Amino acid sequence: MPRRITVGAGQMGPIARDETKGEVVDRLMNLLLQAKDQGVELLVYPELAMTTFFPRWFVEDPAEFDHYYHREMPDQDTKVLFDEAKQLGIGFALGYAELYTDDEGIEHRYNTYILVERDGSVVSKFRKIHIPGHADYEPWRQFQHAERHYFEPGPDGFGTWQAFDGVVGMAICNDRRWPETYRVLGLQGAEVILIGYNTPLYYSPDPTQNALSGFHNHLVMQAGAYQNGAYVVGVAKGGFEEGVESLSQSVIIAPSGQIIAQAITLEDELISANIDLDFCETYKGTLFNFDYYRMPEHYGLVTSQRGAVPPPMGS
């Protein structure tokens, strides 16, 4: 009997700087109710779904922006969402800014995804690995992209979990651009990879890439899906937010690399697809049969070396 599940991508439009968390939760709830109407069992929200993309502003002390973070999840702002999802029997992935205090009393700021099953149980959390942007104020930019000032890389790496009748992995925004993300998840049997993103359409270091933002966004996720025999659900918070235009074009991608559902607006929008998890084996068991075809003895540079090192002249 096929393992089928209906997944939804809950794209969000802009969140204003002064929009309250309660107002945002109302929007998340609306997407949740739409998901129920479409038979969705797993609803994926974007990266930093609870707030405006605050790294576009720079303040010397990140603690000034602590109101954008959550110390626990659910908390008083989000409990109603968790409760309603459980009541409806819908699981979800929610991106948020996490403020975590470790056992030694040291505070850490992470860009985090939490995965919740249909019965309301927390499956796991993922903390973003590839932090883009910059750590210091750069006045030459039209707007800041100071993620490295507000977040540190997640310490736990990329994991997968038995959930939603299959094997689920997560990644966040810039993680999607790196092939290592998908391969590490693929090596752990990932059948569904959930990815939220907030991607400005203006790239200050090289504006010549601006026109290709949508193409590159889909390119990396489609390649990651195909090369690892997994579904990818890519979910945006896009549109014009506080004067900055961000990419939308949320998608659900099959293990073949084909887009099977895509958002068409710049606003809150739900797309969904009923997917067959057993279809992953079409690729995992043939072209990308890792156990049969991979040659890891020749891939050592991937983990032993960080930057590119060309051969010496004359070699």
Side-chain angles (χ1 to χ4, degrees), residues 7-38 40 42-57 67-70 73-75 77-78 80-82 84-85 88 90-98 111-116 126 128 143 145 147 151 170-176 194-201 213-214 217-218 221 232-253 261-273:
V7 297
Q11 175 175 289
M12 298 187 71
I15 297 177
R17 187 171 187 172
D18 60 356
E19 197 164 345
T20 68
K21 288 178 178 175
E23 291 171 326
V24 174
V25 167
D26 286 343
R27 293 168 58 183
L28 298 178
M29 291 278 280
N30 184 50
L31 288 166
L32 183 68
L33 294 175
Q34 292 180 51
K36 181 63 175 178
D37 290 340
Q38 294 187 25
V40 169
L42 169 56
L43 174 58
V44 187
Y45 292 113
E47 173 192 29
L48 297 177
M50 290 296 302
T51 67
T52 194
F53 187 73
F54 59 87
R56 71 169 57 94
W57 300 291
H67 58 283
Y68 287 126
Y69 292 77
H70 298 255
M73 187 64 71
D75 57 13
D77 295 304
T78 56
V80 63
L81 177 68
F82 280 66
E84 183 67 14
L88 295 175
I90 299 175
F92 63 92
L94 178 68
Y96 65 100
E98 178 189 12
N111 189 332
T112 299
Y113 241 151
I114 190 169
L115 181 63
V116 181
F126 167 77
K128 185 174 181 178
F143 53 89
H145 197 114
E147 278 197 62
F151 299 113
M170 295 184 281
I172 297 175
C173 201
N174 193 37
D175 292 325
R176 79 192 189 279
L194 316 178
I195 303 174
Y197 58 91
N198 281 213
T199 301
L201 285 173
S213 294
N217 175 51
H218 289 166
M221 292 191 290
V232 172
V233 184
V235 190
K237 176 156 68 67
F240 289 86
E241 183 179 272
E242 296 294 340
V244 176
E245 184 179 10
S246 291
L247 182 68
S248 295
Q249 297 184 6
S250 300
V251 285
I252 300 172
I253 302 167
Q262 179 174 336
I264 60 173
T265 74
L266 305 179
E267 304 295 335
D268 294 7
E269 179 182 352
L270 178 70
I271 60 172
S272 63

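Everything numeric in this text was worked out from a predicted model, so none of it was measured.
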Closest heavy-atom pair and its distance - Ala236, Pro46: O-CG, 3.2 Å
At their closest point, which heavy atom of Asp268 faces which heavy atom of Gly13, and how far apart are they? OD1-N, 2.7 Å
List the residues meeting ring pair (Phe, Tyr, Trp, His ring centres under 6.0 Å) with Phe53, not counting sequence neighbours, and say none if there are none. His145
Just wondering, do Thr265 and Ser248 contact through their side chains at under 4.5 Å, heavy atoms? no
Using only atom types and a distance under 3.5 Å, with no angle test, would you say the side chain of Lys237 pairs donor to acceptor with the backbone of Ser246? no
Is there a donor-acceptor pair closer than 3.5 Å between any side-chain N or O of Thr78 and the backbone N or O of Leu81? no
Is any side-chain heavy atom of Arg176 closer than 4.5 Å to one of Asn217? yes
Main-chain N/O of Gln262 paired to Gln249 side chain as donor or acceptor, under 3.5 Å: no
What I'd like to find out is whether the side chain of Phe82 reaches to under 4.5 Å of the side chain of Val116, using heavy atoms alone. yes
Ignoring hydrogens and geometry, is there a side-chain-to-backbone donor-acceptor pair from Tyr113 to Gly196 under 3.5 Å? yes
Nearest non-hydrogen partners of Ala9 and Val233, listed with the distance: CB-CG1, 4.0 Å
For Tyr68, what residues pass the ring pair (Phe, Tyr, Trp, His ring centres under 6.0 Å) criterion, not counting sequence neighbours? Phe54, Phe65
Parallel, tilted or perpendicular, judged at 30° and 60°: which one describes the rings of Tyr69 and Phe151? tilted
Applying ring pair (Phe, Tyr, Trp, His ring centres under 6.0 Å), can you list everything that pairs with His218, at least two apart in sequence or on another chain? none
If we ignore hydrogens and angles and just use 3.5 Å, is the side chain of Gln11 paired with the main-chain N or O of Ser250 as donor and acceptor? yes
Could you tell me which residues satisfy ring pair (Phe, Tyr, Trp, His ring centres under 6.0 Å) with Tyr197, sequence neighbours excluded, listed by chain and number? none
Nearest 0.5 Å, what's the CE-CG distance between Met50 and Leu94? 7.0 Å
Just so I know, are the side chains of Asp175 and Ile195 near enough to count as touching, which here means a heavy-atom distance under 4.5 Å? no
Is the shortest heavy-atom distance from the side chain of Met12 to the side chain of Val235 under 4.5 Å? no
Once salt bridge (Lys or Arg N to Asp or Glu O under 4.0 Å) is applied, what residue pairs with a partner in residues 11-20 remain, sequence neighbours excluded? Glu19-Arg27
All side-chain contact (heavy atoms from CB on, under 4.5 Å) counterparts of Ala35, not counting sequence neighbours: Val40, Leu43, Ile90, Leu270
Heavy-atom nearest pair, Trp57 first then Thr52, reads CZ3-CG2, 3.7 Å
Rounded to the nearest 0.5 Å, how far does CG of Leu48 lie from CG of Asn198? 5.5 Å
Are side-chain heavy atoms of Ile114 and Glu98 found at a separation under 4.5 Å? no
Gly214 and Leu247: which non-hydrogen atoms are nearest, and at how many Å? CA-CD1, 3.9 Å
Could you tell me which non-hydrogen atom of Leu42 sits nearest to which non-hydrogen atom of Leu194, and how far apart they are? CD2-CD2, 4.1 Å
